[in-house]
S.K.: 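One structure coming up, written as structure tokens, with questions to follow.
Each chain gets a letter, A, B and so on, in the order its sequence line appears, and its residues count up from 1.
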Amino acid sequence: MIAQVYFGLFALVAVLCGATLVFARHPLNGAMALVGAMVSLSGIYALIQSPFLATLQVLVYAGAIMMLVVFVIMVLNTAKDSKTPGIDLVGILMSVVAFAFGLVFTGVLARTPVEARADSPRGTVQAIADTLFPVHGQSAWPLLFLAVGLVLLTAIVGAVLLSKRRLESPISVEDHA
Amino acid sequence: MHSPLLWLLPVLPLLGFLVNGILSLSTARTSHGPSRGLSGFVAVLFPALSFGLSLWLFQRLSHDAASIHETNVNLGLHLSEVVRYVQPLWSWFSVGDANVGFGFAYDALTGIMLLFITGIGTLIHLYSLGYMAHDRGHARFLAYLSLFLANMIVLVLGDGPLVTFLGWEGVGLCSYLLIGFWHEDLANGAAARKAFLVNRVGDLGFLLGLFFLWQILGPTVPFTYQGISEWFRDPAHLAMVGQGSVAALLTASTLLLFLGCTGKSAQIPLLTWLPDAMAGPTPVSALIHAATMVTSGVFLLGRMSDVFVAAPFTMHVIAVIGAATALWAAVTGFVQTDIKKVLAYSTVSQLGYMFLAVGVGAFDAGLFHVFTHAFFKAVLFLGAGSVIHALGGEQDMRRMGGLARKLPLTFAAMFAGWYAITGLPGGAGFWSKDLILEKTWMHGGWALYVVAIFTAVLTAVYMTRLMILVFWSPSRVDPEVEHHVHESPWSMALPLVILGLGSLGAGFAWASLVPGVDWFARTLAPVVGPAQDLLAGPEAHHPPVALLLALGLMAAFGGIVLSFVLFRSGSYRETESGELPFLSRFWTLLFDHLHAVVAVWPVLVVSWILDKVLNPLLFGLVRLVGYLVEVFGWLFRALQFSRLRLNMGLSASGALLVLLGYILVKELLK
Amino acid sequence: MEISIVHLQLLAAVLFALGLAAALGRRNLFFVLMGVELMLNAANLSFLAWSRTFPGRSALDGQVAPLFVIAVAAAEACVGLAMLMSVFRNRESLDTDDFSRMKE
């Protein structure tokens, strides 16, 4: 029972934070709202037997990634979204699309009979490590793990190249000057 | 026997390399460059430590060998046991069921090689202090030299062919770096690249040879020299590799390994790089391109003697190639005007002698010549360096002469080297060359002997010519330069003196005419003895020693007299432009022309075809793709909104529609 | 008492829709990026929720997938923010409606 109360609380916070993200004027407010949503999602993860993911959610997502976003927002200090209207015609149209998406999902879900199983294992570090790096038997996960490592490496190189002050190639055109 | 100290041998010069490398890098932007005293001290200290260590190890080895020999004699056994110190360090790599370890092994052959590598290496480090004193990059130079020494030690100390290969590549790299040391001159860079590329061909042969050998041995035999030797010494295995496809495989393997040796040791067909390598500073020529690195081919053959004797065809090839190279290079040395070029071709020629000896099955004689040659060729090069230093960089012998009085010490040292290389009685070359001639007579047949003795005559001729042109003839030195001629500093003089004495005395390590003076042969016997006995069989007849000795001496004296007759005046026919006459030039560049026909032209033809035919085709394809993209882009652009959000939103709506459609279809079909 | 899977999925759907609304509706690039992050989070939640309906080891696949989503999200944020900075430096604007050179 207490779990459901917590779930309700976390869900409420998450949805409120999500709504704040949609309506916030300043990106910093949006980012803070997103952090809130992520932390409450982390709580929900912990409630549904995924302690490892809950930890990672706080460490990597809310911690590292959002820190980066906030940092960049602060670096580009002029980013206050005052020139553009928060909601315009296209925005409303898009919100309708998003709402329709949610509606369809909800509709499908409402008609799907699903039941949590009691014998589903907990997502502990041990269990996830055993799945990710199986000592016995074959699995695609280790290969994917390597691939993700490559993706991250590429991202680092790409980010360094992109954020250099000026690319030394004739393609980069300074057209604002 | 296990020895925990072997790893120090290569690591000490490596430390020298690191210190000097850091010194060189950290002071690269200062105006003075690194402190000469500090870098010089470091550069001499570490090789000297390595030399001390190898002296100590060798002394211990001799002691152990003697005590084991004594035990065997007491037990009535006639075994020549190999005393070997090993130090397996770590597992290098394992592929499938093949495990290759990284380790060092020290036996008599390695010991002797190490003695003169580290000894002469130390002396040449010392010499370089004086020679490179005025060069801005002397710390870098000393660093490279130390790195070379470390790699050379790895080469001879490796416990298996793969570790040797590591050192083999390492010395190739250092050779490249040092030939191109004065890289502001593009010609030096070209010479360095040439050395590197020609060596690559040989290295490929080395690697392929190792693969073939692996194929023969299989993964169960440990791929170390010990394992390979023991496998090949087993009569059952010898019978197996003597026939059928295994014999062909072994012949291919040994021929490929020998190709590697011809690359490193500048034999036909891969010899063109060594004369060009003289572009490097003279200490480099002395250490790398005369005394140590170029002899690693002979060392490898000695190391794998048990493998090579199992392939008689390869042995014939080695002997013939060695003799041919010796003759060709001696003739070439005869027409050169550059003092270092003469010595370079002389080195090629002497290396030919070594391979001839190995080819006729006299591994110990070949290695003995490696040993003596290291001394007298090093002193000749260092002496030449001293002359060049004194003349302010002049290398052309036509503008030398009369230097005997001006540079007495250099002259004395070079005289010792000359005395040794021409084979005058008592010099180092006398003993080793005589031994090779004798073995050639016994096992190689008269044709090889004639070539060898003719080469000996030529050697005496061109070396005497060098001495006449540089020291004995009237001076042709530019008066402006002559004014500044000076004897070298002590750091250059000391190595000259030591090596000069060495080139007079080193031959007594194995004075075959004097009974009992065969220290060298006795020490090496456990390593290469079994292979030699296998090839030679029981000695049926004794060679006519007196006749051969007389012939050898006649060759030396005849050559010297001939040379005095020809070049007494110090002037000789030359074209005015300073170029060599056409015939000499053609002969000198014979193998360069051959390389051009065999390797360079095909590459040029193929690249021309690629450039003129394939390139436009590919470019057309690329342009076509680009054009198609442009056309389609133009078409699809008409479908886009300029508002990003609208585009994205419509995509999302599309996805939604697909989802809805899927659900609907599923519902309807239910 | 377990939390019902349907509730979890509903929450995921709602968050996904909110993220989509932020990503599509807002004109500021920061909000677009953060909307995408929120959508990824919703997908993660959905993964975890579904994994509760499987028995034994196969459930753990659902626990591992979010791990990769997080890793890719990190890469995406890294590159996305770098692009954002470079765009801002060149155009002095973060408004998506300003970026229409491909069409012109």
S.K.: Once you round to the nearest 0.5 Å, how far does OH of A:Tyr45 lie from CZ of C:Phe47?
M.R.: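 It is 10.5 Å, given to the nearest 0.5 Å.
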S.K.: Check the side chains of C:Asn41 and A:Gln57 for a donor-acceptor pair under 3.5 angstrom, ignoring hydrogens and angles.
M.R.: yes
S.K.: Pick one of side chain, backbone, both or neither for A:Leu93, based on which atoms fall under 4.5 Å of a heavy atom in chain C.
M.R.: neither
S.K.: Has A:Leu146 got more than 12 heavy atoms of other residues, nucleotides or ligands less than 6.0 Å from its CG?
M.R.: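 Enclosed: over 12 neighbouring heavy atoms sit under 6.0 Å from CG of A:Leu146.
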S.K.: Is it the side chain or the backbone of A:Val69 that comes within 4.5 Å of chain C heavy atoms, both, or neither?
M.R.: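 Both the backbone and the side chain of A:Val69 come within 4.5 Å of chain C.
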S.K.: Select, from A:Trp141, A:Phe101, A:Phe99, the one with the greatest count of heavy-atom pairs under 4.5 Å involving chain C.
M.R.: A:Trp141
S.K.: Counting only non-hydrogen atoms closer than 4.5 Å, does A:Ala37 touch chain C with its backbone (N, CA, C, O), its side chain (CB onward), both, or neither?
M.R.: side chain
S.K.: To the nearest 0.5 Å, what is the distance between CZ on C:Phe30 and CG on A:Leu76?
M.R.: 5.0 Å
S.K.: Pick one of side chain, backbone, both or neither for C:Val14, based on which atoms fall under 4.5 Å of a heavy atom in chain A.
M.R.: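 The answer is the side chain of C:Val14.
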S.K.: Would you check if the side chain of A:Arg117 reaches a backbone N or O of C:Arg52 as a donor-acceptor pair within less than 3.5 Å?
M.R.: no
S.K.: At a heavy-atom separation under 4.5 Å, does C:Ser58 approach chain A through its side chain, its backbone, both, or neither?
M.R.: neither
S.K.: What's the spacing between A:Thr106 OG1 and C:Leu10 CG if we round to 0.5 Å?
M.R.: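 Those atoms lie 5.5 Å apart.
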S.K.: If you round to the nearest 0.5 Å, how far is CD of C:Glu37 from OH of A:Tyr61?
M.R.: 4.5 Å
S.K.: Looking at chain C, which one of A:Asp119, A:Leu152, A:Leu21, A:Val104 has the largest number of heavy-atom pairs inside 4.5 Å, strictly under?
M.R.: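 Among the listed options, the one with the most contacts to chain C is A:Leu21.
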S.K.: Between C:Phe68 and A:Phe145, how do the two ring planes meet: parallel, tilted or perpendicular, split at 30° and 60°?
M.R.: perpendicular
S.K.: Could you please state which residues from residues 5-14 of chain A sit under 4.5 angstrom from chain C, measuring non-hydrogen atom to non-hydrogen atom, sorted by number, or 'none'?
M.R.: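 Residues of residues 5-14 of chain A touching chain C at under 4.5 Å: A:Phe7, A:Ala11, A:Ala14.
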S.K.: For the candidates C:Met83, C:Glu76, C:Met34, C:Met85, which exhibits the highest count of non-hydrogen atom pairs separated by less than 4.5 Å from chain A?
M.R.: C:Met34
S.K.: Taking all heavy atoms of A:Val148 and all of C:Ala71, pick out the closest pair and write down the distance.
M.R.: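 Minimum heavy-atom contact is CG1-CB, 3.4 Å.
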S.K.: Quick one: pull up CG in C:Leu33 and CD1 in A:Ile65 and give me the separation to the nearest 0.5 Å.
M.R.: 11.0 Å
S.K.: Report which part of A:Leu68 has an atom under 4.5 Å of a heavy atom belonging to chain C: side chain, backbone, both, or neither.
M.R.: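 Contact with chain C: backbone and side chain both.
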S.K.: Once you round to the nearest 0.5 Å, how far does CG of C:Leu48 lie from CD1 of A:Ile44?
M.R.: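 C:Leu48 CG to A:Ile44 CD1: 10.5 Å, rounded to 0.5 Å.
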S.K.: Picking from A:Val72, A:Leu162, A:Ile73, what satisfies side-chain contact (heavy atoms from CB on, under 4.5 Å) with C:Leu81?
M.R.: A:Val72
S.K.: I need the minimum non-hydrogen distance between C:Phe54 and A:Ser120, along with the two atoms involved.
M.R.: O-OG, 3.0 Å
